[in-house]
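Contents: one structure, followed by commentary.
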Number of protein chains: 2
Amino acid sequence: MADLVYQNIIADLKKAINAESFPSMKLPDERTLTEHYQVSRSSVKRALNVMANQGIIFKKRGSGTFINPLYLKGGSFFNYNGSNLGVTDSFKAENRTPGIKLLDFQVIKPSAELQRDLFLQPDDFVYEIKRLRLFDEDPFMIETGFIPIKVMPELTEKIVSSSIFNYLEMTKNQEVTRAFLSIFAEPSTRDDQMQLKLKSTEPVGIMEGIFFLDDGTPFEFSTMRLHYQYMKYNTFVTVSGRE
Amino acid sequence: MADLVYQNIIADLKKAINAESFPSMKLPDERTLTEHYQVSRSSVKRALNVMANQGIIFKKRGSGTFINPLYLKGGSFFNYNGSNLGVTDSFKAENRTPGIKLLDFQVIKPSAELQRDLFLQPDDFVYEIKRLRLFDEDPFMIETGFIPIKVMPELTEKIVSSSIFNYLEMTKNQEVTRAFLSIFAEPSTRDDQMQLKLKSTEPVGIMEGIFFLDDGTPFEFSTMRLHYQYMKYNTFVTVSGRE
DNA sequence: TTTAAAAATTGGTACGACCCAATTATTAAA
DNA sequence: TTTAATAATTGGGTCGTACCAATTTTTAAA
């Protein structure tokens with residue numbers, strides 16, 4: 001556990017919430033928490049803000065801080081606490097072995113749109129990497145990624161046949177921690193049906209977007225076509241006003 | 001514009017970024033901004049944190065604060081700045097008139113699952129509201145909502161035939177500002193195909209989840225089956241570590 | 001008893017100080 | 001010239017204070 005004050009408060013409050021230590025579904029007020037943890041109110045507020053953004057609690061000025069009832073028995077929600085953006089890590093728990101089959105790997109001249117999305121110069125080239133992802137023997141996703149040569153000049157077929165994100169972290173100590181994603185669905189194409197073993201009436205879910213390095217460099221544009229039963233995106237949405 | 005210091009900084013920085021006042025794609029350091037705006041560094045940090053969470057900028061300790069290149073000419077992204085959760089408001093810009101056709105409206109005994117999701121007592125009842133949403137004459141979504149009687153005892157067919165969220169805000173000054181959403185896709189059913197004018201090979205996009213009032217009261221469980229061409233969910237994802 | 005005013009409670013915003021940690025730039029040594 | 005040590009820069013975290021604003025509770029008046 002990180003040794004940050006607010007992180008510790010979060011951890012402790014989560015534990016208490018899960019242990020149902022607040023039958024009224026209401027947390028102690030901020031000043032009381034300040035006293036209890038022997039920290040500044042600023043730190044308490046910080047902790048509570050993070051938890052509010054995660055949807056664990058609701059705050060109401062003048063009234064108090066309340067527990068989101070759904071945070072108990074986290075049944076259908078809160079699967080997307082997020083810890084990694086890569087596919088390899090995201091789908092783990094299933095206790096099935098993820099696999100990668102390389103379908104295509106080449107260097108191409110990016111389209112105008114791709115140039116814009118990855119902020120490339122006219123003479124920059126990109127890798128095109130097309131891979132089939134599987135669990136054991138079951139394919140569940142066709143992934144097409146575009147990575148500028150200049151951000152990863154040393155890419156090889158070997159690297160591309162396993163997790164690129166892991167390689168990045170291992171060798172360059174850089175992490176992909178942010179992405180713009182667009183999520184939608186389409187009827188499956190013939191190719192989808194072949195690769196993902198879909199019937200013609202069954203669709204693909206699509207997650208498409210740009211992945212960034214820590215410093216904001218666009219690292220990859222990726223289109224992921226998923227067997228529809230494997231795409232489920234859970235999210236907590238807060239609207240405007242607040243921050 | 002709200003008269004909050006950090007909001008003003010955000011507004012001003014956004015304006016400057018859009019005016020391309022930072023050709024190096026790098027913002028001034030926090031201490032300089034503090035000096036420039038004649039505010040405390042805390043307020044600068046707050047502003048920058050909010051902007052970082054929105055994906056407008058990237059911060060890197062020891063190095064500086066950088067502009068997300070994609071925030072310029074907000075082309076395909078940043079459509080989801082979020083301002084309202086309701087359907088009526090979300091799809092406006094299209095300059096087509098949104099319509100509602102009430103398909104079903106009744107009071108039922110909630111399933112066990114629904115009881116759990118809306119945190120109901122065993123003897124609570126809920127409205128079931130099934131509506132078809134249209135743009136002009138084109139149906140694009142079948143919406144089935146469940147609202148506990150006790151949170152809205154006065155619901156009528158008339159209210160339900162237009163925006164419930166607007167009604168809530170008008171009459172009770174309560175707002176729906178938060179939701180858990182689960183986003184996925186399925187092959188269309190016969191009923192979907194009839195209502196949404198879909199071919200049998202065309203899917204529906206599904207957005208399903210729970211909407212909350214300001215104080216955390218679960219207000220509605222809703223399942224929205226959308227014509228696949230109308231479902232596009234854009235989002236900026238940040239991962240773990242940071243907060 | 002009911003209603004209205006006042007006070008207390010509770011979260012929100014802002015300030016500024018102090019030190020830490022990651023990165024970059026500079027300087028000194030080899 | 002190259003390399004290693006050192007300093008400066010830059011964002012991160014914590015503390016504590018002061019005051020504001022929405023809500024709830026209490027008190028006083030009708």
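A note on names: the letters A, B, ... follow the listed sequences, proteins ahead of strands, and every chain is numbered from 1. Side chains included, hydrogens not; waters and symmetry mates left out as well; all remaining heavy atoms used.
Distance CG (A:N8) to P (D:dG13): 13 Å, rounded to an integer number of Å. For the pair B:K60 NZ and C:dA21 C1', the computed distance is 13 Å after rounding to whole Å. Atom CG in B:L4 sits about 15 Å away from atom C1' in C:dC15, given to the nearest Å. In this structure, the CZ atom of A:R41 is 14 Å from the P atom of C:dA14, given to the nearest Å. Rounded to whole Å, atom P of D:dG13 lies 15 Å from atom CZ of B:R46. For the pair A:R61 CZ and C:dT13 P, the interatomic distance rounds to 7 Å; values are reported in whole Å. Atom pair A:K26:NZ and C:dT9:P shows a separation of 12 Å (rounding to whole Å applied). In this entry the distance linking CG of B:N49 with C1' of D:dG11 reads 10 Å, nearest Å.
The side chain of B:Y6 places an N or O atom within less than 4.0 Å of a non-bridging phosphate oxygen (OP1 or OP2) of C:dT13. Here B:T65 does not reach the OP1 or OP2 of D:dT10: none of its side-chain N or O atoms lies under 4.0 Å away. Look at B:K59 and you'll find a side-chain N or O under 4.0 angstrom from OP1 or OP2 of D:dG12.
With the nearest nucleotide of DNA chain D identified for both A:V39 and B:G64, B:G64 has the one nearer the 5' end. With DNA chain C read from its 5' end, the first of the two nearest nucleotides for B:S40 and B:S63 is the one closest to B:S40.
Residue pairs meeting the salt bridge (Lys or Arg N to Asp or Glu O under 4.0 Å) criterion with at least one partner in residues 35-45 of chain A, sequence neighbours excluded, are A:E30-A:R41, A:E30-A:K45.
Rounding to the nearest 0.5 Å places CD1 of B:I17 at 6.5 Å from OH of B:Y71.
Of all heavy-atom pairs spanning A:K232 and B:S182, the tightest one is CE-OG, 3.0 Å.
If you check every strand for non-hydrogen atoms under 4.0 Å, A:S42 touches a base. Nucleic acid contact for A:K45: base, since at least one base atom lies under 4.0 Å from a heavy atom of the residue.
Within residues 27-36 of chain B, no residue is approached by DNA chain C to less than 4.0 Å at the level of any non-hydrogen atom.
Below 30°, between 30° and 60°, or above 60°: for A:F236 and A:F58 the angle between ring planes is above 60°, a perpendicular geometry.
Considering A:F119, A:F165, A:F180 as possible partners of A:F212, the one that fulfils the ring-ring contact (aromatic ring centres under 6.0 Å, His included) test is A:F180.
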side-chain contact (heavy atoms from CB on, under 4.5 Å) between A:V237 and B:Y233, worked out: CA-CA 12 Å; A:V237 183; B:Y233 185 85; 3.5 Å; yes
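Side chains of B:K59 and B:N49 form a contact here, defined as non-hydrogen atoms less than 4.5 Å apart.
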